[in-house]
Structure formats: C-alpha cells, structure tokens
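Could you have a look at this structure, given as structure tokens, before my questions?
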Amino acid sequence: MHNQEIAWALSEIADLLEIQGEKPWSWRKAARVVEGLESPATLLQARGQLEKIPGIGPAVAQEIDQIVHDGVSRRQRKLRQQVPPGLMEVGKLPGIGVATVQLFFRHGFTTLEELEEAARARKLRRLPGMGPKTEAAVLRGIEFLRRHHDKYGIGIVKPIAEDMCRFLRQLAEVQRAEITGPLRRGQELLTDVQILIVANPVSAVLQLLRRHPSVEKVLAEGPQSICVANVFGLPLWIEAVDEADFARRWVETTGPAAHWQQLQSRKSVTPANSWSHYLSAQENEEAFYQSLGLPWIPPELRANGQEVAQALAGQLPALIEAGDLRGDLHMHTGWSDGVSTLEEMIQAGREQGYEYMAITDHSRALSVARGLSEAKLQEQRRLIRQYSGRDKTMTVLAGIEMDILPDARLDYPDELLEGMDLVIASVHTHLRQERSKIHQRIETALKNPHVDILAHPTGRLIGHREPFDVDVEWMLELAAKTGTALEINSTPDRLDLAPAHARMARELGIPIVINTDAHDRSRLGDIRYGVTQARRAGLEAEDVLNTRPLKELQAFLDRSKG
DNA sequence: GCCGTTTTCGGCCCGACTGTTTTCAGTCG
C-alpha cells in the first residue's frame, strides 16, 4: 500500500471527526507525516516502528495497522456511518468550512443536490449567517465541483499507475506493460489509468489482478481486458494485446482521437496496401510512425492533429528532458513551512545530481507558513553560504520566496533583496481581489529589479481553485519587457504556468524556470511533472533557464543588479 | 490525539478579510 493511500485514509478520518465537531489536529499532522515518509509505511508497520516517528502515537499507529491490513480501519467505518456521505462533498465547496457544513447539516441539507435546490429557491440565504452572496458562492462552487467530479490529479494517478506497471512487469507471464491513454500524454486531470500489456497466458494475469491487494472490486471484465477499482475508486483498465499489434494499439489508446484520425488519413500516402501490413508488423512506435512517413511524435505533443503537419514539415521541437535540468530554484525547509531541515534539503539536491539549487523559504508576511523575519533570513543566508562554500560539486543559492503584499508592496525592502542570491515573488493571499489590484501587485513585482522569478503566476490549484483574476497575456508581455523569469511550478496541484501559457511565454522569449516548490525532500522528484508540463508546451532545453550551466544562470541573476 | 514540558495537562501556525451583521463568526492561506 502506498504511503499516499494511508495519508488519505488519515485525512478522511480527520475530515469526518471535524464535521462532528472535534479538533483532529493529530490526524491531520499524521497524514502529512506519512505522506512525507522516506520509506514505505507498510515496511515500518511490519517492523513495528511506526510509533517511533514523531507525530505518530499509539492510536494512529494502531489505525495504520488496520488500514494496511484491511484497507480501512474500524474507526473509519464507524465514522462513515455517522456522517452522511454527501456532507464530505459539501465540505469541499470553496468558502464553506466546517462550521457552515455543520449548520447545513442541522438544517437538513446533507448533499450538494439538496443545497443546490435550496440555493436556487433562494432559501439558503434565510439560514443564520447566510446571505445572497454566500448563496451565489454555493452555486458557483457546486458548478466547479461538478466540472471536476471523479477526476484525479496526475500526482495521484501516475504513481498508482507506475506501481501497477511494476507489479505487472515482474510477473513471469508478462512480457511488456506500458501506461497509455491521457496519462501518457501528461494530462493534468484524469478519470482513470490505462495500461497495455503483452502477456501469455492472459487469463492467468487477469486472474491475478482480481486478487491484487490494492484492488477493491472488479468493474468490468472480458477475455483480453479487465477494469478494476482500487480502494479509492480509481478505475484501472488493463488490456492485453498481441505483441505484433502492440505499437498500433499503443498509439491508438494514447490518443487523443484527433491525433489518431490524422494518422489514419496518412494511410493513403503510404505504399499501396501497406497500412494493414505495417500495422501488424511493427512492435515499436518509432517504426509505426515511420511506416506512415512520419518521425515519432512524443505523446505530450499528440493533440488536435496539427502536430502531424508539424512533424511532416520537420518542425517538431526537440523536447526538454528531466536530465537537462541542472538545478531546482524553489524549495522550502523547516525554517518556514517545510518539513525537511536545511541540511536534508541540500543533501537531497545533491542526490538529484544537481549542479546548483536555491533555498527559498517564505517571507515574513506569510505568518501561517512561519515566514522569515529579516534577521532570520540573514541568519539563514549566512548558513547557506557556509554550506555552499564547503561543497565544490554543488552551489546552494540563498534565496527567498517573497510575498507580494495585498497593497502591491513587496514584503522586504530593496536593500535586503539586493543581498540575496535569488528572489522569487509570489501572490499567496487576497486571491479574490479585483483584476486591477492583482495587476498592480504583479506589475510591482515584475518591475522590481531584484525580483528574478514570478512563481506560480496564475495561482490556480487544479481541481480546487480557479486562477486569480489576471490577464495572462498582459502579464506575459510585461514579463518579456522586464526580463523576469516565469515559473512552471511542478507541484501536481499547481502545474502553473499551464502549457498554453508556457507556449506563449516561449514565443515571447521569456526565460522559463521549472521548479518543484518542494516542502519536503522527497518531493524534489516532483520536478518530472513540471518537465511533462514543459514538454506539453513544446519547450526545448534552451527555453528553460535552469538547464543552463551555473555561470549562465548567475549572469541572469546578476543582470539587473549591476 | 500527540507532544513536551514550567511533565500528566494545555496547546496545537495566526492575522485579516468577507459577508454577514451592527460586533462578529467563519474562512483562508
């Protein structure tokens, strides 16, 4: 069982307890701790070492025992019975907290449907503490949730799919197992996992899958395929194909439909009668595309079919790869709201094989995140430079993720910023300001000569929160003028800039950086999601600032300070 | 529920805005 699955179970317990009026601090903390564990919690559980982890006491440890053993704990089952299932959904509405959920519950509203009906009938505004605005917000929120219904973020889906592929590959009956479908194209939100296998005998593999410990139930089944749901209801499709047909089916299932249709229309230009011949003969994608007179098109570029014309014209970009990155320029430590220590983060950066990295904790205004006072920041900077000086193989930059304040001022004075190796500016608060105010804030940051990078430029949280009200084209044009770099944030919930915007940024010649924003050393690996995002935007290594050698990066950072 | 003491009980990230109210509870990051 994946640590993430255990963390979700603990979070669910926390949510359920909270709705019942309890204060489940330790359950939330335990969830966060388990999520960030280096080694599998199942292993620690088997060795009886769970309780040794700070944040996990006897009660939580016992809970994890049961979750690992049975998939759910007794407490979870009991709590689920006590709380109407629809209420959990209600709690996800933006602007609706526990207290309001409880209020709704007391007045007999336990599902989104009931709430929607009441809101439309203008009855919700009559509840104590409610008004027309909240009523409208509830309707907007319901619409938002509907749009993201049954969708899972790539950060959740990909590890599950990879675990399943690993499991399949180590079976003697399986010759090949590959992720396919929208996940392979790097889509941000997904409804399922699709895996293509070559196996013999197929029936033995399907039989095994039915009894796989992560499988909660079988949703559909045929002679060549099976669809199972894991404990969190995520459907996994596993389809077996003949080895000779693998490449064709892999391309077809990777999709999307428009890309496949374009390929089919190429049948006429390939040698006579060869379509079916090539289709069955090819076992790898390169050969398959070649048979259609095309170079191989990376999955991230497969879209509306225009990429086929681009490929024909020999204009496919040489997409950036994870190995091109020489450093990560945005991460947190325990000095602010990170989990790992400064030393641990630096060590983790070393293990990533980076040439350089930047420590960028939060600034003082973000008190929730224990943002650093000026004195603390200077103390940290001193420490970082000590570490960096000791290591000849990797440079650690002393940076800061500085808040852009609600009144469009920056959180630190220029004199302090000037002394930092790297300055990131971010909007974290007052996200619902009107556009003119948001623009004013972004303008201040971009125009400041000490600001090197604007982080998560639109503030979106995929599936949770819309971007703040910003005219992205306006922002990109300004960034191009000021020469400020824009970030592709690799946190799977953010992936901000979105590919379309990153593409525009590239066209405008804006330096782009791919960062993790890791709050935990184990999350430095999330950089791959940012790279996927960059590939979907058609970015090449040279478009990305942190693929460049330290000297060139340094030249960029010093550009405005001379 | 967990932790760490000023060690067996109290604190648990905290300040400001929003939408509702006429002084504040609730939400958010």
Side-chain angles (χ1 to χ4, degrees), chain A residues 9-34 50-64 73 75-76 79 90-106 119 124-141 332-339 361-373 376 401-407 409 411 426-434 437-438 441 455-456 459-461 464-468 491 493-494 496 517 519:
Chain A
L10 297 174
S11 293
E12 188 194 344
I13 291 171
D15 290 341
L16 290 165
L17 283 170
E18 200 167 19
I19 287 177
Q20 300 201 321
E22 310 224 11
K23 302 258 183 275
W25 290 296
S26 38
W27 296 99
R28 293 227 184 281
K29 178 162 188 203
R32 201 170 163 214
V33 167
V34 170
L50 281 172
E51 276 189 62
K52 286 187 190 151
I53 303 163
I56 297 179
V60 174
Q62 200 192 359
E63 214 66 21
I64 295 177
S73 69
R75 189 187 308 258
Q76 236 176 323
L79 283 166
V90 173
K92 289 181 194 154
L93 287 170
I96 302 301
V98 183
T100 313
V101 170
Q102 290 166 341
L103 175 85
F104 289 154
F105 189 20
R106 281 200 304 277
L124 227 45
R125 62 179 69 181
R126 286 194 227 132
L127 298 183
M130 295 288 113
K133 284 201 176 176
T134 312
E135 196 175 70
V138 165
L139 284 174
R140 271 200 313 277
H332 300 269
T333 74
W335 281 63
S336 64
D337 63 346
V339 174
D361 273 310
H362 287 290
S363 66
R364 59 185 172 189
L366 208 62
S367 49
V368 233
R370 296 196 305 274
L372 271 48
S373 66
K376 275 268 175 199
E401 182 183 18
M402 172 184 61
D403 261 56
I404 306 171
L405 303 177
D407 61 2
R409 284 178 308 120
D411 201 13
S426 300
V427 171
H428 283 123
T429 59
H430 302 83
L431 306 169
R432 279 177 284 190
Q433 279 178 337
E434 61 183 44
K437 198 77 203 174
I438 294 275
R441 294 167 77 185
H456 39 75
R460 72 169 181 170
L461 287 182
H464 303 294
R465 187 174 78 202
E466 299 280 18
F468 42 70
T491 305
D493 281 349
R494 290 192 183 270
D496 180 13
D517 196 358
H519 283 66

Results of salt bridge (Lys or Arg N to Asp or Glu O under 4.0 Å) for Arg409(A) - residues two or more places apart only:
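If we apply the salt bridge (Lys or Arg N to Asp or Glu O under 4.0 Å) test to Arg409(A), skipping adjacent residues, the hits are Asp407(A).
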It should be established whether Arg75(A) places a side-chain nitrogen or oxygen under 4.0 Å from OP1 or OP2 of nucleotide dG1(B).
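Checking Arg75(A) against dG1(B): at least one side-chain N or O falls below 4.0 Å of OP1 or OP2.
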Whole-Å gap separating C1' (dG15(B)) and CG (Leu405(A)):
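After rounding, the reported distance stands at 13 Å.
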Could you tell me which residues satisfy side chain to side chain donor-acceptor pair (under 3.5 Å) with Gln433(A), sequence neighbours excluded, listed by chain and number?
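For Gln433(A), the residues satisfying side chain to side chain donor-acceptor pair (under 3.5 Å) (neighbours in sequence not counted) are Arg441(A).
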Take the protein atom CG of Asp411(A) and the nucleotide atom P of dG29(B), then report the distance between them rounded to whole Å.
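The distance from CG of Asp411(A) to P of dG29(B) comes to 18 Å, rounded to the nearest Å.
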Starting at the 5' end of DNA chain B, which residue's closest nucleotide do you reach first, His428(A) or Arg32(A)?
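Comparing both residues, the 5'-ward one is Arg32(A).
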For His332(A), enumerate each residue passing the ring-ring contact (aromatic ring centres under 6.0 Å, His included) test, keeping only those at least two apart in sequence or located in another chain.
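For His332(A), the residues satisfying ring-ring contact (aromatic ring centres under 6.0 Å, His included) (neighbours in sequence not counted) are His330(A), His362(A), His519(A).
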Mind checking the C1' distance from dG26(B) to dT20(B)? Whole angstroms is fine.
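Looking at atom C1' only, dG26(B) and dT20(B) are 10 Å apart.
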So which protein nitrogen or oxygen atoms get under 3.5 Å of nucleotides 20-25 of chain B's nitrogens or oxygens?
| from | atom 1 | to | atom 2 | distance (Å) |
| --- | --- | --- | --- | --- |
| dT20(B) | OP1 | Gly131(A) | N | 2.7 |
| dT20(B) | OP1 | Gly131(A) | O | 3.0 |
| dT20(B) | OP1 | Pro132(A) | N | 3.4 |
| dT20(B) | OP1 | Lys133(A) | N | 3.3 |
| dT20(B) | OP1 | Thr134(A) | N | 3.1 |
| dT20(B) | OP1 | Thr134(A) | OG1 | 2.9 |
| dT20(B) | O3' | Met130(A) | O | 3.4 |

Run the side-chain donor-acceptor check on residues 126-139 of chain A: report pairs under 3.5 Å with partners two or more places apart or on a different chain.
| from | atom 1 | to | atom 2 | distance (Å) |
| --- | --- | --- | --- | --- |
| Glu135(A) | OE1 | Arg125(A) | NE | 2.9 |
| Glu135(A) | OE1 | Arg125(A) | NH2 | 2.9 |
| Glu135(A) | OE2 | Leu124(A) | N | 3.2 |
| Glu135(A) | OE2 | Arg125(A) | N | 2.9 |

Protein-proximity profile, nucleotides 2-12 of chain B, B/S/- by nucleotide at the 4.0 Å heavy-atom cutoff, equals SS--------B
Heavy-atom neighbours of Gln62(A) CD exceed 12 at 6.0 Å
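No.
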For Ala369(A), report the nucleic acid contact type (base, sugar-phosphate, nothing); a contact means any heavy atom under 4.0 Å.
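Base, at least one base atom sits under 4.0 Å.
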Pairwise P distance, dG11(B) and dT5(B) [rounded to whole Å]
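My reading of the P atoms in dT5(B) and dG11(B) gives 16 Å.
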Checking base pairs now: Watson-Crick or wobble, both atom distances under 3.5 Å. What partners dG19(B)?
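Checking every strand shown, dG19(B) finds its partner in dC24(B), with both distances under 3.5 Å.
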Separation of the P atoms in dC12(B) and dT18(B), to the nearest angstrom:
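After rounding to an integer number of Å, I get 27 Å for this pair.
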Find the distance Arg370(A):CZ to dC14(B):C1' and express it as a whole number of Å.
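Rounded to whole Å, this separation is 12 Å.
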Euclidean distance, atom CZ of residue Arg460(A) to atom P of dG29(B) [Å, nearest integer]:
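These atoms are roughly 16 Å apart.
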Where do Ser73(A) and Ile13(A) come nearest, in terms of heavy atoms and distance?
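Taking every non-hydrogen atom into account, OG-CD1, 4.1 Å.
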Which donor-acceptor pairs under 3.5 Å do side chains of residues 24-31 of chain A form with protein atoms, sequence neighbours excluded?
| from | atom 1 | to | atom 2 | distance (Å) |
| --- | --- | --- | --- | --- |
| Arg28(A) | NH1 | Asp15(A) | OD1 | 3.1 |
| Arg28(A) | NH2 | Asp15(A) | OD1 | 3.0 |
| Arg28(A) | NH2 | Glu18(A) | OE1 | 2.5 |

Starting from P on dC17(B), measure out to CD on Glu434(A) and report it in whole angstrom.
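Those two atoms, CD and P, are 15 Å apart.
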Salt bridge (Lys or Arg N to Asp or Glu O under 4.0 Å): which pairs involve residues 50-63 of chain A, sequence neighbours left out?
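Sorted pair list: Glu63(A)-Arg75(A).
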Please state the C1' separation for the pair dT23(B) and dC17(B) - nearest whole angstrom.
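The same atom, C1', in both gives a distance of 15 Å.
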Any base atoms under 4.0 Å from Pro94(A), or only sugar-phosphate, or nothing? Heavy atoms, all strands.
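The answer is sugar-phosphate, as Pro94(A) gets under 4.0 Å only of primed atoms, P, OP1 or OP2.
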For Arg28(A) and dG1(B), give me the distance from atom CZ to atom P, rounded to whole Å.
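Between P of dG1(B) and CZ of Arg28(A): 15 Å.
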With sequence neighbours left out, write down each residue that passes salt bridge (Lys or Arg N to Asp or Glu O under 4.0 Å) with Glu22(A), or none if nothing qualifies.
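So Glu22(A) forms no salt bridge (Lys or Arg N to Asp or Glu O under 4.0 Å) with any residue.
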Measuring only the C1' atom in each nucleotide, how far is dT8(B) from dC2(B)? A whole number of Å is fine.
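Result for the C1' pair: 13 Å, nearest Å.
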Spatial distance of atom CD (Glu401(A)) from atom CG (Asp361(A)) [nearest 0.5 Å]
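Rounded to the nearest 0.5 Å, the CD-CG separation comes to 9.0 Å.
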Atom-to-atom span, CD of Gln20(A) to P of dG1(B) - whole angstrom:
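Computing the Gln20(A):CD to dG1(B):P distance gives 13 Å.
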For Leu366(A) and dC17(B), give me the distance from atom CG to atom P, rounded to whole Å.
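Value for this atom pair: 15 Å.
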